[in-house]
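Below is one structure, written out as structure tokens; comments come after it.
On a predicted model such as this, the values are computed, not experimentally measured, just so you know.
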Amino acid sequence: MAHFAKLNENNIVIEVNVVNNNALDPNNEEVSGRAFLTEWSGGYSNWKQTSYNKKIRKNYAAIGDTYDAERDAFIAPKCHNEAVLDEATCRWTCSNAEHTLEVNDD
């Protein structure tokens with residue numbers, strides 16, 4: 001199974017779809033998956049492959065994320081004005097303790 005993000009005209013993720021391996025060319029998964037989805041959707045062609053294990057495009061695409069073509073990455077919406085994008089992970093970070101979530105391991 002492969003996952004593909006459907007992008008709007010601004011490269012915002014509007015849905016994520018799964019394509020069965022039977023519809024994919026294992027030697028060119030992304031191209032064959034985009035071709036399958038373009039036909040399946042009646043001609044919509046703005047699709048990018050995404051990966052749960054983050055092997056491609058840094059982060060798994062979620063609805064509302066942006067696909068950044070320069071970084072070839074999916075980036076979540078900025079959480080607040082003080083957040084800074086970590087270029088290595090394409091995730092937002094912040095040094096302000098008020099914006100740090102505490103995790104309870106109970």
Side-chain angles (χ1 to χ4, degrees):
M1 302 288 219
H3 297 82
F4 288 81
K6 181 179 184 180
L7 309 175
N8 70 12
E9 63 279 355
N10 297 314
N11 282 343
I12 306 296
V13 178
I14 53 178
E15 62 184 64
V16 179
N17 290 280
V18 179
V19 177
N20 190 296
N21 289 340
N22 295 337
L24 300 170
D25 174 354
N27 296 316
N28 206 339
E29 197 171 86
E30 181 155 20
V31 170
S32 61
R34 285 176 31 201
F36 171 83
L37 288 165
T38 299
E39 183 178 332
W40 170 81
S41 67
Y44 196 89
S45 61
N46 197 6
W47 302 92
K48 290 288 180 189
Q49 190 172 5
T50 187
S51 171
Y52 273 128
N53 57 18
K54 303 173 189 165
K55 287 187 177 182
I56 58 171
R57 304 207 163 92
K58 310 253 185 205
N59 300 296
Y60 182 74
I63 293 173
D65 288 359
T66 300
Y67 171 69
D68 184 313
E70 288 183 32
R71 294 177 176 96
D72 191 29
F74 289 104
I75 301 173
K78 190 172 184 176
C79 49
H80 54 79
N81 289 336
E82 295 176 30
V84 176
L85 188 66
D86 179 329
E87 292 290 338
T89 64
C90 286
R91 292 185 181 185
W92 297 103
T93 62
C94 184
S95 60
N96 186 334
E98 291 180 21
H99 298 137
T100 302
L101 295 175
E102 291 187 28
V103 177
N104 186 350
D105 292 328
D106 292 340

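- One N or O on the side chain of E30 and one on the backbone of Q49 form a donor-acceptor pair closer than 3.5 Å.
- In this model, no donor atom of one side chain and acceptor atom of the other lie less than 3.5 Å apart for N53 and Y60.
- For the atom pair CG of N81 and SG of C94, the computed distance is 10.0 Å after rounding to the nearest 0.5 Å.
- A side-chain donor-acceptor contact under 3.5 Å links N20 to the backbone of N22.
- Between H3 and Y52, the ring-plane angle classifies as perpendicular under the 30° and 60° cut-offs.
- Judged by distance alone, with hydrogens and angles left aside, the side-chain atoms of N21 form a donor-acceptor pair with the main-chain N or O of M1 at under 3.5 Å.
- Heavy-atom minimum distance, A62 versus V13: O-CB, 3.3 Å.
- Looking only at distances, no side-chain donor or acceptor of T66 sits under 3.5 Å from a matching main-chain atom of N11.
- Results of the ring pair (Phe, Tyr, Trp, His ring centres under 6.0 Å) test with Y67 over F4, W47, F74 single out F74 as the only residue that passes.
- In this structure, OG1 in T93 is found 8.0 Å from CG in L85, a value given to the nearest 0.5 Å.
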Which pairs would a plain distance check flag for residues 32-40, meaning a side-chain donor or acceptor within less than 3.5 Å of a matching protein atom at least two apart in sequence or in another chain?
{"unit_1": "S32", "atom_1": "OG", "unit_2": "D25", "atom_2": "N", "d": "2.8"}
{"unit_1": "S32", "atom_1": "OG", "unit_2": "N28", "atom_2": "O", "d": "3.0"}
{"unit_1": "S32", "atom_1": "OG", "unit_2": "E29", "atom_2": "O", "d": "3.2"}
{"unit_1": "T38", "atom_1": "OG1", "unit_2": "R34", "atom_2": "O", "d": "2.8"}
{"unit_1": "T38", "atom_1": "OG1", "unit_2": "Y44", "atom_2": "O", "d": "3.3"}

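- Every residue two or more places apart in sequence or in another chain that forms a salt bridge (charged side-chain N to carboxylate O under 4.0 Å, His left out) with E87 is listed here: R71.
- P77 approaches G64 most closely through the heavy-atom pair CG-O, 3.5 Å.
- Of all the heavy atoms in L7 and K48, the pair that sits closest is CD1-CG, 3.5 Å.
- In this structure, A61 and V16 approach most closely via the heavy-atom pair O-CG2, 3.6 Å.
- Taking both residues in full, the closest heavy atoms of A5 and T50 are given as N-CG2, 4.4 Å, listed atom of the first, atom of the second, then distance.
- Annotation: the span from N59 atom CG to D68 atom CG amounts to 11.5 Å, rounded to 0.5 Å.
- A73 and K58 make their closest contact through CB-CG, 3.5 Å (heavy atoms, listed as atom of the first residue, atom of the second, distance).
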